[in-house]
Amino acid sequence: MPNRILTEGPVEYFEFLFLYDHSKTPEQTEYWFHPFFSYYKNLEKAYYFQTILYPISYLHGTNYWKSWTFLYFFNGEEKFNPTEKSEGELILTPLFYWGYGSNEKENFFSLFPIYGTIKDKLSWSEIRFFLFPLYVSWQYKSYRAHSILWPLIMWGGDKYKRKDFRFIPFYSSKVHEGKYNHKTFLWPFFQWGSDNLDKKDPQHFFMFFPLYAQKYSETGSKSAYSILYPFSLVAWGKDEKAKAFYFNFFWILFQYSKSESPFLRKYVVFPFYIHYRFGNQELSYYQESNFYLILFGNLKTESALLTSNYKFFIPFWYHHYRYYKQEQTERMSWKLWPIIQYWEEESAYGWKMLALWPVPDAMVEKNWGTYYSVFEYSKFENEDQYFSMILRIFSVRWNQNYNDLNLFFLGFHYKSHPEFFEFTFLKGLIGFSKIVYEKNQRIPLYFYPKYSQLLNPEEKETKYYFHLFWFKL
């Protein structure tokens with residue numbers, strides 16, 4: 001969804017130093033009270049967002065859904081249905097959950113750790129607790145489990161073939177007849193079991209923690225071994241069907257993995273070099289990452305929906321590129337912190353000095369950046385150009401195609417256009433304006449230059465206004 005006005009037509013623009021600006025078209029509106037509040041609305045897409053001291057508060061939505069967050073810790077979402085009661089959730093992770101909807105399945109309440117029910121979270125359809133960790137229960141379909149002093153004591157199962165029991169550290173059993181069978185004794189020291197019992201090549205494992213661990217298939221086509229698990233003084237394994245092999249030495253310090261199906265390559269000499277690639281470029285899907293001394297790196301993604309390429313040298317330099325295949329749009333930005341940042345999107349681009357926020361975040365820069373902006377330049381889809389200097393003490397926005405000019409200086413605004421003239425102080429404390437309309441219409445013809453050219457002079461009317469204390473007389 002857009003986060004600024006996107007149009008090929010004229011835009012009514014006003015700003016007051018580094019404190020305030022707004023942009024308007026007949027279908028889009030945005031207001032920015034830096035950094036306290038911002039609001040954007042797009043009637044064509046039925047989309048809107050608003051912020052309060054971003055990133056403290058952010059809300060966005062459409063006619064069908066709404067989502068908001070407070071410090072990305074207290075969250076909420078709501079879905080609207082014209083024929084049924086709306087449904088949604090309020091979340092204060094992990095203390096408070098509240099879900100509501102049109103049926104009992106969608107209603108739940110949780111006040112952690114005292115008492116509550118949580119639905120459709122953590123891969124379970126329902127989680128219940130009382131004085132956590134004193135008692136917890138969870139379920140999915142016909143499976144249900146209970147725990148006292150979680151995770152020490154637990155039992156569960158279903159009416160078919162699953163049965164689980166745990167009394168840590170003495171003994172635990174996790175069984176699904178015909179699929180898997182896991183056991184532990186004096187956990188974590190002794191662990192053994194089997195997986196894929198319903199497959200042609202079942203697998204078995206054994207661990208004497210932390211000295212030795214192994215996993216192997218009955219045919220011997222798969223095997224894995226580790227000494228001093230999980231720190232892996234030495235670990236190695238193979239999978240003949242996938243044509244895969246891996247070798248680890250001294251835990252994360254040296255890692256090597258190779259697989260053909262699925263395609264995988266991993267090389268790690270920590271912290272000097274890390275390479276990871278998964279997928280298949282010929283099938284238009286892969287993920288790749290490269291790191292050098294952790295600080296310098298490159299992340300790539302190729303999928304059916306997206307092509308992306310991120311380069312970075314933390315914290316000084318970032319270069320981000322994305323191509324959205326379905327929309328056929330590109331977005332690119334880079335930042336040389338704290339000196340300058342540059343962005344490019346479709347036929348629009350811009351740059352700004354200074355750029356003090358150390359990580360890429362266009363919303364933070366938009367809200368807070370006016371307080372440290374020295375120079376700023378932008379060119380938009382409708383050929384509008386914008387330049388400002390020194391905390392927006394002076395700025396200008398112009399469009400040669402529309403003969404449109406806006407000058408701003410210390411609260412004074414001068415606008416010159418054949419069908420829209422204005423000279424005001426503080427946007428109407430005092431001033432004068434002239435606006436051309438189509439007869440008996442309210443929207444200025446300024447917004448519709450092509451349509452205005454088709455009208456005869458007698459089909460237009462000009463109105464003159466005197467501004468005093470923000471009243472138009």
Side-chain angles (χ1 to χ4, degrees), residues 1-62 66-69 318 320-324 327-335 340-353 355 357 359-373 375-388 392 395-399 401-402 404 406 408 427 446-447:
M1 291 295 185
N3 58 9
R4 61 180 177 84
I5 285 186
L6 300 174
T7 182
E8 295 182 357
V11 176
E12 181 186 347
Y13 178 79
F14 175 79
E15 71 176 41
F16 175 59
L17 300 174
F18 52 86
L19 297 172
Y20 171 78
D21 60 78
H22 75 242
S23 304
K24 293 181 180 180
T25 72
E27 296 180 341
Q28 301 176 72
T29 305
E30 63 177 341
Y31 296 92
W32 298 83
F33 296 86
H34 304 277
F36 308 102
F37 175 80
S38 69
Y39 176 80
Y40 169 82
K41 186 172 184 179
N42 187 313
L43 295 177
E44 180 182 4
K45 296 181 179 294
Y47 174 75
Y48 64 94
F49 75 76
Q50 70 178 43
T51 71
I52 299 176
L53 287 172
Y54 183 86
I56 292 179
S57 172
Y58 179 78
L59 177 150
H60 68 144
T62 68
K66 179 173 68 176
S67 176
W68 57 269
T69 180
Y318 298 90
H320 287 186
Y321 170 82
R322 285 186 176 186
Y323 175 68
Y324 299 89
E327 296 82 3
Q328 296 184 343
T329 60
E330 292 181 317
R331 292 181 181 179
M332 187 273 286
S333 64
W334 58 263
K335 175 180 288 190
I340 186 173
Q341 73 167 13
Y342 174 87
W343 63 270
E344 186 174 320
E345 181 178 336
E346 299 185 49
S347 57
Y349 63 90
W351 54 265
K352 182 172 68 173
M353 302 173 62
W357 188 250
V359 296
D361 192 321
M363 193 65 70
V364 169
E365 290 290 355
K366 180 71 172 178
N367 274 278
W368 298 84
T370 58
Y371 284 81
Y372 47 79
S373 174
F375 297 103
E376 184 176 352
Y377 173 82
S378 300
K379 185 175 182 179
F380 302 101
E381 290 82 359
N382 65 342
E383 299 297 325
D384 272 15
Q385 298 182 68
Y386 173 82
F387 175 77
S388 71
R392 293 184 171 183
S395 63
V396 55
R397 181 163 175 154
W398 72 99
N399 188 311
N401 295 336
Y402 301 130
D404 191 15
N406 288 269
F408 302 92
K427 193 53 178 178
Y446 164 79
F447 290 115

Tell me every residue that passes side chain to side chain contact (heavy atoms under 4.5 Å, CB included) with [X], counting only those two or more places apart in sequence or in another chain.
| X | answer |
| --- | --- |
| Tyr324 | Leu306, Arg322, Glu327, Thr329, Arg331 |
| Leu59 | Tyr48, Gln50, Lys66, Trp68 |
| Arg4 | Leu6, Glu30, Trp343, Glu345, Ala348, Phe380, Glu381 |

Set of side-chain hydrogen bond (donor to acceptor under 3.5 Å, both in side chains) partners for [X], sequence neighbours left out:
| X | result |
| --- | --- |
| Tyr318 | none |
| Tyr39 | none |
| Lys45 | none |
| Ser395 | Glu15 |

| query | Mind checking what makes salt bridge (charged side-chain N to carboxylate O under 4.0 Å, His left out) contact with Glu383, not counting sequence neighbours? | reply | Lys379

| task | Answer with yes or no after comparing the ring centroid distance for Phe408 and Tyr13 against a 6.0 Å cut-off, counting only values under it. | result | yes

| request: Examine the side chains of Tyr40 and Asn42 and answer whether a donor and an acceptor come within less than 3.5 Å of each other. | output: yes

With sequence neighbours excluded, residues passing ring-ring contact (aromatic ring centres under 6.0 Å, His included) with [X]:
| X | answer |
| --- | --- |
| Phe387 | none |
| Phe447 | none |
| Tyr321 | none |
| Phe33 | Tyr20 |

| task | Could you go through the side chain to side chain contact (heavy atoms under 4.5 Å, CB included) check for Lys352 and Ser373 one step at a time? | result | CA-CA 7 Å; Lys352 182 172 68 173; Ser373 174; 4.1 Å; yes

| query | When the ring planes of His60 and Tyr47 are compared, do they come out parallel, tilted or perpendicular, using 30° and 60° as the limits? | reply | perpendicular

| What do the steps show when you test Phe16 against Lys427 for side chain to side chain contact (heavy atoms under 4.5 Å, CB included), and what is the final call? | CA-CA 8 Å; Phe16 175 59; Lys427 193 53 178 178; over 6 Å; no

